[in-house]
*Asks:* 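Below are the structure tokens for one structure; questions will follow.
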Amino acid sequence: MARIVKVSARLVNIPVETERTDAIQAFLVQETPFVEIETDDGLVGRGYSYTIGTGGSAVLALLHDVFQPRLIGADARAVEALWHTLWSSTRATTPGTLTALALAAVDTALWDLRCQRNAEPLWIAAGGYRQQIPAYDTEHGWLHLSEAELVDGMRSLVDAGWTAAKMKVGRELLPEDVRRVRRVREAVGEDFTLFVDANQGFTRSEALRRARAIEPFDIAWLEEPLPADDREGHAWLAGQTGIPIAVGETLNTIAQCVAYLSSGAASIMQVDAARVGGVTPWLKVAHAAEAMNIDICPHFLMELHVSLAGATPAGTWVEHIPQLRSVTRTEVQVEAGVAYVPDTPGLGIDWDMTKIDEFTVSPILTV
Ligand code: MG
């Protein structure tokens, strides 16, 4: 028994390192629900999730009003039982993103405790597959960049030894997207892996037009071409273009992810540990993907996902968007397009609690 004696939650606003824009939104601050769980053996587990700027206060309220009281007195080792208790307590009112983000903040703290208790790094506790994962960069592909800025940035990646990157598409006119993709392909050369991301910005007909128009440039995946709830549309599009379709960052349950996988709507699964409710459901999606011979390339959260991608044979690429450097004492090591999985006990995220305090924008709600 490792009895939970104290749980605190707060909202931390972490600034972004660069302006991030895509076809439907801009990301200017990361709202970070941050949870600490203390057990009677003296350990403290720390977990988190995120929003890209809206809804954080609702997640915090859900944590404080519903989840935290239910955790007190429970055995922190029974992670599955706690996950299901919390999930069931909100099933009638808030299924979807808010519940998933609140669950993830708790679940990652419980995994941190589990790893600390067993003196294991997350990549071992969650499976233990490999310690080096190919990484691709997203920080040089934002939609607001001019063509010249985009091309210069992509060329700088090649010069620094990167082998893969992602660029946003969804400019107003199709020829703009095509010209940007063509110029990037010319700049990076044919041996470079190039992904594009539409962030749910297209209708079915427009997605097909744009996919066909960029097919000649060897695109390794087209990400979220359609609204995330249009699973049938993604399956239809996958049958119309040779570009693999990547989805998953906007799915909130295991069942949604598996429906995408089993219907041919996802050639690449980008399940996000925060938006799907934590490490516990993330691993189930990863195992389902492995069973169907589909790659897992998790969305964002590289500081956490690098360990999860290293836990499973399905983990193929980690997305490089540094986001926690201002609140941690160490950072994910990435060299020449390879991310190195941290080997320290816990989640592998070395929080700087002075910085966390500095960026905290809510009361610290404790039970
Ligand atoms: Mg995306």
Side-chain angles (χ1 to χ4, degrees), residues 16-28 30 49-55 97 100-101 104 134-145 150 153-154 157 164-171 177 180-181 184 193-203 206-207 210-211 214 219-231 233-234 237-238 241 243-252 256-257 260-261 265-276 282 285 289 294-306 308-309 315-323:
V16 300
E17 296 187 12
T18 182
E19 182 184 0
R20 298 171 181 151
T21 54
D22 60 44
I24 60 167
Q25 65 218 336
F27 179 7
L28 302 175
Q30 174 176 303
S49 61
Y50 73 97
T51 88
I52 63 170
T54 56
T97 313
L101 295 175
Y136 72 88
D137 183 83
T138 296
E139 288 284 66
H140 296 77
W142 302 110
L143 197 62
H144 68 275
L145 298 173
L150 180 65
M154 290 289 176
L157 289 173
K166 185 162 81 188
M167 60 178 287
K168 301 293 182 178
V169 293
R171 300 283 284 206
D177 273 348
R180 290 163 71 86
V181 171
V184 167
T193 302
L194 183 61
F195 309 111
V196 304
D197 185 358
N199 292 89
Q200 311 180 60
F202 299 140
T203 60
E206 189 63 16
R210 302 225 181 189
I214 59 174
I219 304 304
W221 75 54
L222 169 58
E223 182 171 324
E224 288 198 320
L226 303 169
D229 56 3
D230 187 7
R231 178 170 56 83
H234 282 94
L237 186 65
T241 175
I243 304 176
I245 302 298
V247 290
E249 69 178 80
T250 317
L251 303 180
N252 300 126
Q256 285 174 355
C257 294
Y260 259 92
L261 292 168
S267 304
I268 310 291
M269 175 48 65
Q270 299 178 297
V271 58
D272 176 319
R275 292 178 176 176
V276 81
W282 191 96
V285 175
I294 292 173
D295 291 336
I296 290 278
C297 305
H299 165 254
F300 189 51
L301 285 190
M302 70 169 193
E303 298 85 356
L304 178 65
H305 283 145
V306 67
L308 294 180
T316 308
W317 289 98
V318 168
E319 179 170 28
H320 182 254
I321 305 181
Q323 177 53 33

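Both counts, for ligands and for their atoms, begin at 1 and track the order of listing.
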*Asks:* For F27 and Y50, I'd like to know if the aromatic rings sit close, meaning centre-to-centre distance below 6.0 Å.
*Replies:* no
*Asks:* Please determine, by modelled atom types, if E139 and T18 share a side-chain donor-acceptor pair under 3.5 angstrom.
*Replies:*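 Per modelled atom types, E139 and T18 side chains form no pair under 3.5 Å.
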*Asks:* By atom name, which N, O or S atom of E223 is the nearest to the Mg ion (ligand 1)?
*Replies:* OE2
*Asks:* Suppose we only count N/O/S atoms under 2.8 Å; would D197 qualify as near the Mg ion (ligand 1)?
*Replies:*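 Given the 2.8 Å cut-off, D197 counts as a ligand of the Mg ion (ligand 1).
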*Asks:* Is there an N/O/S atom in E249 at a distance below 2.8 Å from the Mg ion (ligand 1)?
*Replies:*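 A backbone or side-chain N, O or S atom of E249 is under 2.8 Å from the Mg ion (ligand 1).
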*Asks:* Between D197 and E249, is there a side-chain heavy-atom distance shorter than 4.5 Å?
*Replies:* yes
*Asks:* Please check this pair: side chain of H305 against backbone of D272, looking for a donor-acceptor N/O pair closer than 3.5 Å.
*Replies:*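 Not a single qualifying donor-acceptor pair exists.
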